[in-house]
2 protein chains.
Amino acid sequence: MTLYKIDEVATACNLTKRTLRYYEEIGLVSPQRSEGGTRLYSQTDIDRLKKIINARDVLGFSLQELQHYVKVTEMLNDQREQYRNTTDEEERRQQLIEMNKTLDQQLHMVDEKLSRIYAFKADAELLRQRIQEGLAKLN
Amino acid sequence: MTLYKIDEVATACNLTKRTLRYYEEIGLVSPQRSEGGTRLYSQTDIDRLKKIINARDVLGFSLQELQHYVKVTEMLNDQREQYRNTTDEEERRQQLIEMNKTLDQQLHMVDEKLSRIYAFKADAELLRQRIQEGLAKLN
DNA sequence: CTACTATCTCACGTTAACGTCAATGTTATA
DNA sequence: TATAACATTGACGTTAACGTGAGATAGTAG
């Protein structure tokens, strides 16, 4: 498994090194460290970062809100490991139900956001129409 | 034309009075003033505010970005007045073309945002599916 | 091993978007 | 017209999300 140092990750994700350190500080990523303390990011870390960035940019989630989202994907990534470690089926079921709930909430938020964006879009299109009518009259 | 004082507007728009004063400070709204200096908001002001809030919340536009948007709607609202004042047809046409350009850009941004949100949604739905499979296996 | 470059950890600075007094002025009501 | 209930203008405080050095270490190419 290849590992990347902070500068590669920064350019790959279009973030600054400072931002990456900050994201670690608030618990959004947890890259491993080398013997000497240098951060080493896995491809999984990078993928997670890209998703975070997308959610931050496009959904306007705060970094605090994103920590919740991170936990869910984290748990899903650890799924197999948990499978082996957690003998307790009931506990496992509870976790899945919890995650399902979180996802439902997120999907609900996304749907509401979509409909509000559509409203905005319709509004803008109406304005554009009025403008084009205005242009037509000038001929 | 009924006019509203700051507290009514604040509750109507679900903003604080401080926020309304701040929005005026950075030029997002310009309510008239009473003789004594009290802010008086028209229904048009309120409508504009609500659109701003929606764009801020759902599109994640910064207040600075929104100033541009405000100008466009402003110009459209002043359309008739301009019609009478601007005898120069060519100038008028240029203004309309400018506004059309701005709107096109906004619509483009909105479309891109929509597609990225859909990508996020698809991702979340996939996760949910995996979770539900996991739950099914536990039975 | 050396020299050079990249990374690390403080720690203080910055900006947007408000919050929170305090002192003063304005409106509405009895 | 007095007085309670709002409003207004400073002006300083706050929080999130980083920016920007400084000084000390780690990694790497020759």
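The chains referred to below are lettered A, B, ... by the order of the sequence lines, with proteins before strands, and numbering in each begins at 1.
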*Figure out the CG/C1' separation between A:Asp7 and D:dT28, and round it to whole Å.*
15 Å
_Taking the basic N atoms (NZ, or NE/NH1/NH2) and the acidic carboxylate oxygens, is any pair closer than 4.0 Å for B:Glu24 and B:Arg33?_
yes
_I need the minimum non-hydrogen distance between A:Lys5 and A:Tyr41, along with the two atoms involved._
C-CD1, 4.4 Å
*asked:* Rounded to whole Å, how long is the line connecting atom CD of A:Glu25 with atom C1' of C:dC10?
replied: 11 Å
*Look at A:Lys113 together with B:Asp57 and state whether they make a salt bridge at an N to O cut-off of under 4.0 Å.*
no
*Grab the CD-P distance between B:Glu8 and C:dA28 for me, whole Å please.*
10 Å
*asked:* Tell me the closest heavy-atom pair linking B:Arg48 and B:Leu28, and the distance in Å.
replied: CD-O, 3.6 Å
*With no hydrogens and no angle check, do the side chains of B:Gln94 and B:Glu90 hold a donor and an acceptor under 3.5 Å apart?*
yes
*Could you write nucleotides 17-23 of chain D as a row of B, S and -, 5' to 3', where a protein heavy atom under 4.0 Å of any base atom gives B, of only sugar-phosphate atoms gives S, and otherwise -?*
BBBB---
_Just by distance, no angles: are the side chains of A:Asp47 and A:Thr44 close enough, under 3.5 Å, to form a donor-acceptor pair?_
no
_If I take atom CG in residue A:Leu20 and atom P in nucleotide C:dT7, what distance separates them, rounded to the nearest angstrom?_
11 Å
_For the CD atom on A:Gln43, are there more than 12 heavy atoms of other groups (residues, nucleotides or ligands in this structure) within a distance under 6.0 Å?_
yes
*Find the distance B:Arg21:CZ to D:dT8:P and express it as a whole number of Å.*
5 Å
*asked:* Quick check on contacts: within residues 31-52 of chain A, what sits under 4.0 Å from DNA chain D by heavy-atom distance?
replied: A:Ser34, A:Gly36, A:Thr38
*Just checking, is any N or O donor in the side chain of A:Arg116 or B:Asn54 under 3.5 Å from an acceptor N or O on the other one?*
yes
